[in-house]
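Worth saying up front: this structure is predicted, and the values here are computed from it rather than measured. Basis for what follows: all heavy atoms, side chains included, without hydrogens, waters or symmetry-related copies.
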Amino acid sequence: MGSITEIIWNGGRDEAESLLAAIGPDDPGDFEASIVEQEGSVSLKIVIKSGSLGSARSTVDDILACLAAAESGMRAIG
């Protein structure tokens, strides 16, 4: 049995690209990420597929930590 978890962030394209770059090196085999444009808005969509809830939680925690650090950095220089 496995689980699928989605994280969706909405905002501007530049920010989405920076966030995507921040998570790119972090175990890319554990998730898929893409930038999606819909009706004038941009979303960063991250899909995590894992074999157990514990594994999913670990991956989500890692990704959220990377996203939070990147977002904090963007605010500091923006």
Side-chain angles (χ1 to χ4, degrees):
M1 207 171 260
S3 67
I4 297 176
T5 305
E6 288 186 353
I7 299 170
I8 299 174
W9 177 91
N10 297 304
R13 173 163 281 289
D14 290 343
E15 292 88 354
E17 289 174 355
S18 293
L19 293 173
L20 179 59
I23 63 169
D26 191 48
D27 299 323
D30 292 343
F31 64 90
E32 295 176 10
S34 61
I35 296 174
V36 180
E37 287 191 53
Q38 295 176 325
E39 300 177 20
S41 69
V42 175
S43 298
L44 172 60
K45 181 177 179 181
I46 304 162
V47 179
I48 299 130
K49 297 177 185 176
S50 61
S52 70
L53 290 175
S55 177
R57 180 179 179 183
S58 178
T59 302
V60 168
D61 286 349
D62 288 348
I63 289 171
L64 290 178
C66 289
L67 292 174
E71 189 173 52
S72 177
M74 287 188 297
R75 285 188 194 146
I77 61 172

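Cluster membership for L20 and V47, using ILVMFWY side-chain heavy atoms within less than 4.5 angstrom, is not shared. When the side chains of ILVMFWY residues are joined at heavy-atom separations under 4.5 Å, either directly or via intervening members, L64 and L19 end up in a single hydrophobic cluster. Residue V60 is not grouped with residue L53 when hydrophobic side chains (ILVMFWY) are merged at heavy-atom distances under 4.5 angstrom, including chains of intermediate members.
Taking CG of L44 as the start and CZ of R13 as the end, the distance is 10.5 Å to the nearest 0.5 Å. Summarising the geometry, atom OG belonging to S58 is positioned 8.5 Å from atom CG belonging to D30; distances are rounded to the nearest 0.5 Å.
Smallest separation of non-hydrogen atoms from S3 and S52: OG-O, 3.9 Å. For the pair A16 and V42, the tightest heavy-atom approach, listed with the atom from each and the gap, is CB-CG1, 4.0 Å.
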### Task
Kindly determine whether I7 and F31 satisfy side chain to side chain contact (heavy atoms under 4.5 Å, CB included), including the steps that lead there.
CA-CA 10 Å; I7 299 170; F31 64 90; over 6 Å; no
### Message
Go through it in stages, so that I can follow the logic: the residues are E15 and E71, the test is side chain to side chain contact (heavy atoms under 4.5 Å, CB included), and I'd like the CA-CA distance, side-chain angles, deciding distance and then a yes or no.
### Response
CA-CA 8 Å; E15 292 88 354; E71 189 173 52; over 6 Å; no
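Under a 3.5 Å cut-off, the side chain of S18 and the backbone N or O of D14 do form a donor-acceptor pair.
Using a 4.5 Å heavy-atom threshold, the side chains of L67 and I46 count as touching.
More than 12 heavy atoms of other residues, nucleotides or ligands sit less than 6.0 Å from atom CD1 of I35.
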